[in-house]
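Inspection log for the structure reproduced underneath, given as structure tokens.
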Amino acid sequence: MVKKDTVAAPEVPVEKLPTREDTMRMVNEVLTNVQQKYIEFRTFSAKIKVDYSNSKGKQPDFVANVRMLKDSLIWVSIGNDIGIEGIRVLITKDSIKVLDKLANTYQVRPLSHIQELSQIPFSFADLQNLLVGNPIFFNKDSITTYTKNPNGYTLLSYASLFKNLLSIGTDYSIQKSKLDDNDPALNRTCDLIYTNYETKTGVHFSTQRQITILQQTKLDVELKFKDYKFNEEMTYPFAIPKKFKRI
């Protein structure tokens, strides 16, 4: 004879799956916190150490001094570590002007020239957001995937040109943006990694960025920000000497 076990097994609670309304509420909560860290500015300046490599391998590093007037212009002075300026650049919403102080030449190109060099269709707004550390090519109204994980959150959105997988830390700071072209024939990808955050005058700012662009060739760029400032008065000198030849 077998003795019957009369002890009932404990009931295992069934975890309730989140509804669509729950998911949308969590997405909106994440977006609200990310938006609070969005950097608003009138002017911005920074000294940036730039390391980069392309299909030809590692290229000489340089120092870029950047000044920006929001939605108006981006001024860049490029030189070496000891402060000798070689190139000065002025970018507006429709053009890019370059002074080559070593060759005594200058050139004027449409803004699309930057798009050709980078293989990414950056607009003026994208460039200034990239420099201050705001997300680019991110459409908060077309989020298709939301995930919560131990390191924070991921949001997948679709913009007109790219889908953007945005990784957000537990403190709601941008950690990584992975861009993939919506057109599979172009096969463009771009990874932007934001690290070494610090807070100055209330601005939560990433002082180190890694940018990798891959299409037919690979471009790696590392930006290390120093002496950055917001909302200070500054000048944007760009006089073209008479001896300079236009090319």
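Under the 4.5 Å side-chain criterion, counting only non-hydrogen atoms from C-beta, Asn28 is not in contact with Val30. Within the 4.5 Å cutoff, the side chain of Thr154 has no heavy atoms near those of the Leu166 side chain. Between Asp180 and Phe162 there is no side-chain heavy-atom pair separated by less than 4.5 Å. Contact of the Phe41 side chain with the Val132 side chain is registered, since non-hydrogen atoms from C-beta on lie closer than 4.5 Å. Residues Met68 and Met234 fail the side-chain proximity criterion, which asks for heavy atoms closer than 4.5 Å. Two residues are said to be in side-chain contact when any heavy atoms from C-beta on lie closer than 4.5 Å; Glu222 and Gln208 meet this criterion. Using a 4.5 Å heavy-atom threshold, the side chains of Ile39 and Asn129 count as separate. Counting heavy atoms from C-beta on, the side chains of Asp220 and Ile211 never come closer than 4.5 Å.
Both the sub-6.0 Å distance and the 45° axial angle are satisfied by Arg209 relative to the ring of Phe225.
For Tyr172, the ring pair (Phe, Tyr, Trp, His ring centres under 6.0 Å) criterion is met by Tyr153, not counting sequence neighbours. Partners of Tyr194 by ring pair (Phe, Tyr, Trp, His ring centres under 6.0 Å), not counting sequence neighbours: none found. Applying the side chain to side chain contact (heavy atoms under 4.5 Å, CB included) rule to Val63 yields the partners Lys47, Asn65, Asp81; only residues at least two apart in sequence or on another chain are considered. In terms of the side chain to side chain contact (heavy atoms under 4.5 Å, CB included) criterion, residue partners of Ser72 (sequence neighbours excluded) are, by chain and number, Leu69. Under the ring pair (Phe, Tyr, Trp, His ring centres under 6.0 Å) criterion, Phe122 pairs with no residue, sequence neighbours left out. With sequence neighbours left out, the side chain to side chain contact (heavy atoms under 4.5 Å, CB included) criterion links Thr32 to Gln36. Judged as a side chain to side chain contact (heavy atoms under 4.5 Å, CB included), and not counting sequence neighbours, the contacts of Asp94 are Thr92. Phe138 pairs by the ring pair (Phe, Tyr, Trp, His ring centres under 6.0 Å) definition with nothing, not counting sequence neighbours.
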Item to complete: Kindly indicate, with the supporting measurements, whether the criterion ring-ring contact (aromatic ring centres under 6.0 Å, His included) is fulfilled by Tyr228 and Phe44.
Response: CA-CA 7 Å; Tyr228 59 92; Phe44 169 75; 7.1 Å; no
Item to complete: Test side-chain hydrogen bond (donor to acceptor under 3.5 Å, both in side chains) on Ser173 and Gln175 and set out the steps.
Response: CA-CA 6 Å; Ser173 60; Gln175 304 295 314; 2.7 Å; yes
Worksheet item: Going through the distances and angles, do Arg42 and Glu233 end up as a salt bridge (charged side-chain N to carboxylate O under 4.0 Å, His left out)?
Response: CA-CA 9 Å; Arg42 180 175 55 84; Glu233 296 300 325; 3.2 Å; yes
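With no hydrogens or angles considered, a side-chain donor-acceptor pair links Ser177 and Asn164 at under 3.5 Å. Side-chain contact of Gln59 with Asn54: a donor-acceptor pair under 3.5 Å is present, judged by distance alone.
Atom NZ of Lys178 has more than 12 neighbouring heavy atoms from other residues, nucleotides or ligands inside a 6.0 Å radius. The number of heavy atoms from other shown groups lying within 6.0 Å of NZ (Lys58) is above 12. Atom NZ of Lys148 has 12 or fewer heavy atoms from other residues, nucleotides or ligands within 6.0 Å. Heavy-atom contacts from other residues, nucleotides or ligands closer than 6.0 Å to NZ of Lys229 number 12 or fewer.
Side chain of Asp100 to main chain of Asn104: no donor-acceptor pair is present (N/O by atom type, distance under 3.5 Å, no hydrogens or angles). Under the 3.5 Å distance criterion, the side-chain polar atoms of Ser123 are matched with a main-chain donor or acceptor of Asp126.
The ring pair (Phe, Tyr, Trp, His ring centres under 6.0 Å) contacts involving residues 65-113 comprise nothing, where partners must be two or more places apart or lie in separate chains. Residue pairs meeting the side-chain hydrogen bond (donor to acceptor under 3.5 Å, both in side chains) criterion with at least one member in residues 236-247: none, sequence neighbours excluded.
Other cluster members for Ile247: none, since no ILVMFWY side-chain heavy atom sits under 4.5 Å from it. Residues Tyr158, Leu165 make up the rest of the hydrophobic cluster containing Leu156, defined by ILVMFWY side-chain heavy atoms closer than 4.5 Å, directly or through other members.
Of the candidates Thr207, Val76, Val66, Val66 is the only one forming a side chain to side chain contact (heavy atoms under 4.5 Å, CB included) with Ile48.
Taking CG from Asp191 and OG1 from Thr189, the interatomic distance works out to 6.0 Å, rounded to the nearest 0.5 Å.
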